[in-house]
Amino acid sequence: MNLHEFIPTKDLWELLRESNKKTVMYGMGNGADKILAVCEKYGIEVCDFFASDGFVRGHSFHGKKVLSYSEITKKYGAENINVLLSFASCLPDVIENFKKINSECALFAPDVPVCGDTLFTLDFARRHKSELEQVYTLLSDEQSKIIFKNVIFYKITGKIDYLFNAVSDKDEVFSELICANTIRRYADLGAY
């Protein structure tokens, strides 16, 4: 397997920097702060912020009034914006909203580090090409290879379609991958 068979030619930050579209952010909080810091580093201006309709209450984030999605699309036009998703969810209605926005706009979910400042960019993937290829060769089944490729594509491009291509059925994960029925003890140590 040659890594160049599936490495994109541009990463998310290059794409945003070169785009003529306005960059807006969906969500606020720690994730948004981390993404904003990377945007600032690369000279990418985030023009506005929006929240899900039920969460818009006239508040501000980083000195800008938080708008609704309909206000954002009315202001710029859906075809004229790059949307940066700054939060995650596994709730079906939220996932459906992500898919709806993705069908109308260019939606990206930037992969930013929880700690430290190392980004998984195209340059990072090139520098670690041999390690990534080695991991790929160690994968024993086709499904694992497909998921690996999609996760690498996602980390570089931020495109959520790659995440949707890497989803496994929750019941299958617990019964066949983790074999949860054989676990006798576990510890919930938090997210980080």
Side-chain angles (χ1 to χ4, degrees), residues 5-36 38-39 42 44-62 64-112 119-122 125 142-173:
E5 290 177 24
F6 67 96
I7 291 291
T9 57
K10 289 185 182 181
D11 64 34
L12 170 62
W13 312 108
E14 291 174 280
L15 185 142
L16 292 173
R17 200 172 43 242
E18 296 172 4
S19 178
N20 293 324
K21 296 180 178 185
K22 299 291 185 184
T23 300
V24 298
M25 191 172 296
Y26 179 17
M28 298 145 287
N30 292 344
D33 289 335
K34 290 178 183 298
I35 295 167
L36 280 170
V38 176
C39 287
Y42 285 103
I44 300 161
E45 178 188 3
V46 175
C47 298
D48 273 309
F49 300 92
F50 72 94
S52 300
D53 290 342
F55 293 92
V56 178
R57 297 179 186 96
H59 56 294
S60 296
F61 186 69
H62 284 269
K64 296 181 186 282
K65 181 181 177 191
V66 176
L67 304 173
S68 68
Y69 175 65
S70 58
E71 289 172 316
I72 286 284
T73 56
K74 185 176 180 181
K75 183 174 181 178
Y76 299 110
E79 69 281 359
N80 299 317
I81 57 176
N82 290 315
V83 176
L84 302 182
L85 182 59
S86 69
F87 66 98
S89 179
C90 63
L91 299 173
D93 59 324
V94 177
I95 299 293
E96 287 308 311
N97 194 41
F98 293 167
K99 289 179 179 180
K100 175 188 176 290
I101 292 170
N102 190 44
S103 72
E104 298 171 357
C105 308
L107 176 66
F108 304 96
D111 178 51
V112 293
L119 288 173
F120 198 110
T121 61
L122 183 56
E142 209 49 45
Q143 183 64 20
S144 295
K145 291 177 179 183
I146 290 167
I147 289 173
F148 183 82
K149 285 181 182 181
N150 278 288
V151 169
I152 298 298
F153 273 28
Y154 156 70
K155 290 174 92 49
I156 294 170
T157 67
K159 293 181 181 178
I160 66 167
D161 292 329
Y162 293 122
L163 287 179
F164 292 136
N165 292 337
V167 172
S168 297
D169 178 70
K170 186 177 178 181
D171 291 335
E172 180 184 336
V173 168

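- The CG atom of Asp11 sits 5.5 Å away from the OG1 atom of Thr121 when rounded to the nearest 0.5 Å.
- Using modelled atom types, no side-chain atom of Tyr154 and backbone atom of Asn165 make a donor-acceptor pair closer than 3.5 Å.
- Between Ile95 and Cys90, the closest heavy-atom pair is CG1-C, 4.2 Å.
- Taken from CE in Met28 to CZ in Phe50, the straight-line distance is 10.0 Å, to the nearest 0.5 Å.
- Atom CG of residue Asn102 and atom CZ of residue Phe108 lie 8.5 Å apart, to the nearest 0.5 angstrom.
- With values rounded to the nearest 0.5 angstrom, Thr73 atom OG1 is found 7.0 Å from Glu104 atom CD.
- Pairs engaging residues 72-96 under the ring-ring contact (aromatic ring centres under 6.0 Å, His included) rule: Tyr26-Phe87, Phe87-Phe98 [sequence neighbours left out].
- Heavy atoms from other residues, nucleotides or ligands lying under 6.0 Å from CZ of Phe164 number more than 12.
- Between Val56 and Leu67, every side-chain heavy-atom pair lies at or beyond the 4.5 Å cut-off.
- Applying the side-chain hydrogen bond (donor to acceptor under 3.5 Å, both in side chains) test to Asp111 and every residue at least two apart in sequence or in another chain returns Lys155.
- Within 6.0 Å of atom CG in Asp93, more than 12 heavy atoms from other residues, nucleotides or ligands are found, so the atom counts as buried in its surroundings.
- Inter-residue side-chain proximity for Val66 and Phe55 is flagged as unmet; no heavy-atom pair is nearer than 4.5 Å.
- A 6.0 Å sphere centred on CD of Glu45 holds no more than 12 heavy atoms belonging to other residues, nucleotides or ligands.
- A donor-acceptor distance shorter than 3.5 angstrom exists from the side chain of Ser89 to the backbone of Leu91, with no hydrogens or angles considered.
- Each of Ile44, Ile156, Leu122 was evaluated against Trp13; a single residue qualifies, Ile44, per the side-chain contact (heavy atoms from CB on, under 4.5 Å) test.
- For Ser19 (side chain) and Leu15 (main-chain N/O), no donor-acceptor pair under 3.5 Å exists by modelled atom type.
- Shortest non-hydrogen contact noted between Ala166 and Asn150 is CB-CB, 4.0 Å.
- A distance of 11.0 Å separates CE in Met25 from CG in Asp48, rounded to the nearest 0.5 Å.
- Using the six-membered ring where Trp is involved, Phe61 and Phe49 have ring planes that are perpendicular, over 60° apart on the 30 and 60° scheme.
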Decide side-chain contact (heavy atoms from CB on, under 4.5 Å) for Tyr42 and Leu16; before the verdict, give the C-alpha distance in whole Å, the side-chain angles of both, and the deciding distance to 0.1 Å. CA-CA 9 Å; Tyr42 285 103; Leu16 292 173; over 6 Å; no
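- Nearest heavy-atom pair across Gly27 and Ser86 is C-OG, 3.1 Å.
- One distance of note links CD1 of Ile152 with CD1 of Ile147; it measures 12.5 Å at 0.5 Å rounding.
- Among all heavy-atom pairs drawn from Asp53 and Ser68, the shortest one is OD1-CB, 3.4 Å.
- Applying the side-chain hydrogen bond (donor to acceptor under 3.5 Å, both in side chains) test to Lys10 and every residue at least two apart in sequence or in another chain returns Glu18.
- Here the closest heavy-atom approach between residue Lys100 and residue Ser103 is recorded as O-OG, 2.7 Å.
- Crowding of Lys22 atom NZ: a count of heavy atoms from other residues, nucleotides or ligands under 6.0 Å not exceeding 12.
- Residues passing the side-chain contact (heavy atoms from CB on, under 4.5 Å) test with Lys74, sequence neighbours excluded: none.
- Looking at residues two or more places apart in sequence or on another chain, you find no salt bridge (charged side-chain N to carboxylate O under 4.0 Å, His left out) involving Lys145.
- With sequence neighbours excluded, no residue forms a salt bridge (charged side-chain N to carboxylate O under 4.0 Å, His left out) with Glu71.
- Counting heavy atoms from C-beta on, the side chains of Cys39 and Leu84 come closer than 4.5 Å.
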